[in-house]
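Worksheet for the structure shown next.
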Amino acid sequence: MPDPTRDAAFLLLTAVLDRHRGLDDALEALPPLDARDRAAAHRLAAAVLRRLGTLDAALEPLLKKAPPDPVRHVLRLGAAGLLLLDTPAHAAVATAVALARTQRLAPFAGLVNAVLRRLAAAGPAALAALDGPRLDTPAWLWSAWGAEARAIAEAHRHEAPLDLTLAPGTAAPPGGLRLPTGSWRYPPGTRPAELPGFAEGGFWVQDAAAALAARLLAPRAGERVIDLCAAPGGKTAQLAAAGAAVVAVERDPARLARLRDNLARLRLSVETVAADAATWRPAAPADAVLLDAPCSATGTIRRHPDVPHLKRARDLPALTAQQDRLLAAAAGMLRPGGRLVYAVCSLQPEEGAARAAAALAQLGLRHDPVRAEEAAGLPVTPEGFLRTTPALWPEHGGMDGFFLARFIHP
Ligand code: SAM
């Protein structure tokens, strides 16, 4: 029996783990597929990526020698079904064996069958002695996160909920929870386009932590605000909805087109510029600049479980150098007294507090510490930065990891 979900999940795993492509790009490159199969394939591949270390450790004692990579992927998919997704044992084993055949791995079908049957017999006990959070986190991230590592890694085991930012004056779709910061939260797997109000532009998808950057910038109606690195436009939409005159700068033309589509749905209008924010210059100085800089994205692992498999410690120096260039460019766009918020969806101190300290030392900016009353109960660091992690608000389902700092042009 052909199984389009497992075939597609296999293609996704191969793309991420063997060809180092992003999971979202790999999803777009899938052959045409029924929407439900596609969503199921995404979920299955994401479950494997999220728990890869654990699944490999559970399979290890059952393998006499290392199988070829494609066979390992088939085993991982089968093991995820058995141990994580409550797939009935006979179905998990049979679909994995069938997958081995459709992927031209027929000589390994017997091995897949034998290994997964033994894993099914062990059941959840196969996971009992394993330190999942540690196994599922690359060593460089575990050590960089220090004392927080275990709590962050625990949070990564769960699918992220759907967070919405509401357009001003709009009622939230039913079934949501209002978070202390004002975002609305819906259960994982909720499809935004199926919620009432989507077509009318009543809301946009934005993690609760991602929504904090524009809140800290506090744009006022009529202010001239520049949004650097703007696509797909969640923060642009917040700035425009506040009545600011927004210039959104984004380097990638395809992503800028997505930003325009998103804002058109929301009936918001902004000026868009396709340019490198590090070299572009505005026609006039701005009242405020929001810089949401490109980063390692380690704060978004719950939503993007491919990140730990694609990013390396050695990627950081190029990213931090680019963050410094963008901060210098952003500072140069402000009028005297203008405000700058620097945001990264990263948990790495090199991309957060260290960049803010470098900006203060080198760019002649004044620090404008985040005040506790602006943080809705989220922790402000002793230096006055706002730093969120997926381990915060465990009772509500966590949030993305972000670092946020605010400066004033003297
Ligand atoms: N601010 C966006 C939002 O809230 O929806 C998310 C921004 S995402 C973290 C980073 C974006 O920066 C990507 O769309 C990327 O293409 C863009 N980018 C990266 N380097 C850039 C540069 N030098 N100039 C302009 N855009 C850049």
Side-chain angles (χ1 to χ4, degrees), residues 22 24-25 28 162-165 181 183 192 203-217 219 225-242 244 246-266 268 270-282 286 288-301 303-304 306-307 310-311 315-316 318-333 340-348 351-352 355 388 399-405:
D24 287 346
D25 289 349
E28 289 195 5
L162 174 77
D163 289 351
L164 303 182
T165 301
T181 51
S183 293
F203 57 80
W204 56 97
V205 173
Q206 186 175 42
D207 182 87
L212 297 171
R215 294 214 171 96
L216 290 186
L217 198 67
V225 179
I226 298 174
D227 183 13
L228 297 177
C229 307
K235 299 176 187 74
T236 317
Q238 286 175 287
L239 302 171
V246 183
V247 182
V249 183
E250 164 61 45
R251 184 170 62 181
D252 180 332
R255 289 179 60 89
L256 192 62
R258 256 183 77 202
L259 176 145
R260 287 197 197 99
D261 289 348
N262 287 338
L263 289 164
R265 178 180 67 82
L266 299 170
L268 292 169
V270 304
E271 184 184 334
T272 56
V273 179
D276 180 346
T279 52
W280 173 81
R281 290 287 171 270
V289 175
L290 195 162
L291 168 58
D292 189 15
C295 66
S296 62
T298 52
T300 67
I301 289 173
R303 298 185 192 283
H304 301 287
D306 51 334
V307 166
L310 300 176
K311 295 284 162 60
D315 299 332
L316 284 182
L319 287 166
T320 59
Q322 176 71 333
Q323 288 150 5
D324 287 343
R325 276 195 292 277
L326 288 165
L327 271 162
M333 295 176 194
L340 166 63
V341 166
Y342 169 70
V344 275
C345 56
S346 165
L347 294 168
Q348 311 316 115
E351 299 182 282
R355 300 284 57 73
T388 63
M399 67 180 72
D400 282 354
F402 259 85
F403 172 87
L404 299 146

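Any value given below was found using the heavy atoms of this structure, including those in side chains, with hydrogens, waters and symmetry copies removed. In each ligand, atom 1 is the first atom listed, and ligand 1 is the first ligand listed.
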Measure from every N or O atom of ligand 1 to the protein's N or O atoms and keep only the pairs below 3.5 Å, writing each with atom names and distance to 0.1 Å.
| from | atom 1 | to | atom 2 | distance (Å) |
| --- | --- | --- | --- | --- |
| ligand 1 | 1 (N) | Cys229 | O | 3.0 |
| ligand 1 | 1 (N) | Asp292 | OD2 | 2.7 |
| ligand 1 | 4 (O) | Lys235 | N | 3.3 |
| ligand 1 | 4 (O) | Lys235 | NZ | 2.9 |
| ligand 1 | 5 (O) | Pro232 | N | 3.4 |
| ligand 1 | 5 (O) | Gly233 | N | 3.0 |
| ligand 1 | 5 (O) | Gly234 | N | 3.0 |
| ligand 1 | 14 (O) | Ala231 | O | 3.3 |
| ligand 1 | 14 (O) | Glu250 | OE1 | 2.8 |
| ligand 1 | 14 (O) | Glu250 | OE2 | 3.3 |
| ligand 1 | 14 (O) | Arg255 | NE | 2.5 |
| ligand 1 | 14 (O) | Arg255 | NH2 | 3.0 |
| ligand 1 | 16 (O) | Glu250 | OE2 | 2.6 |
| ligand 1 | 20 (N) | Arg251 | NH2 | 3.3 |
| ligand 1 | 23 (N) | Asp276 | OD1 | 2.9 |
| ligand 1 | 23 (N) | Gln322 | NE2 | 3.3 |
| ligand 1 | 24 (N) | Ala277 | N | 2.9 |
| ligand 1 | 26 (N) | Arg251 | N | 3.1 |

Legend entry - For Thr165, all residues meeting side-chain hydrogen bond (donor to acceptor under 3.5 Å, both in side chains), sequence neighbours excluded: Gln206
Legend entry - Lys235 side chain vs Ala214 backbone, donor-acceptor pair below 3.5 Å: no
Inset, instruction - Kindly write out the residues that satisfy side-chain hydrogen bond (donor to acceptor under 3.5 Å, both in side chains) with Thr272, not counting sequence neighbours, or none if the list is empty. - result: Arg260
Inset, instruction - Could you tell me whether the side chain of Asp207 and the main chain of Asp400 form a donor-acceptor pair under 3.5 Å? - result: yes
Side-chain donor-acceptor pairs of residues 273-281 under 3.5 Å, sequence neighbours excluded:
| from | atom 1 | to | atom 2 | distance (Å) |
| --- | --- | --- | --- | --- |
| Asp276 | OD1 | Ala278 | N | 2.8 |
| Thr279 | OG1 | Asp276 | O | 3.3 |

Legend entry - Main-chain N/O of Ser296 paired with Glu351 side-chain donor or acceptor, under 3.5 Å: yes
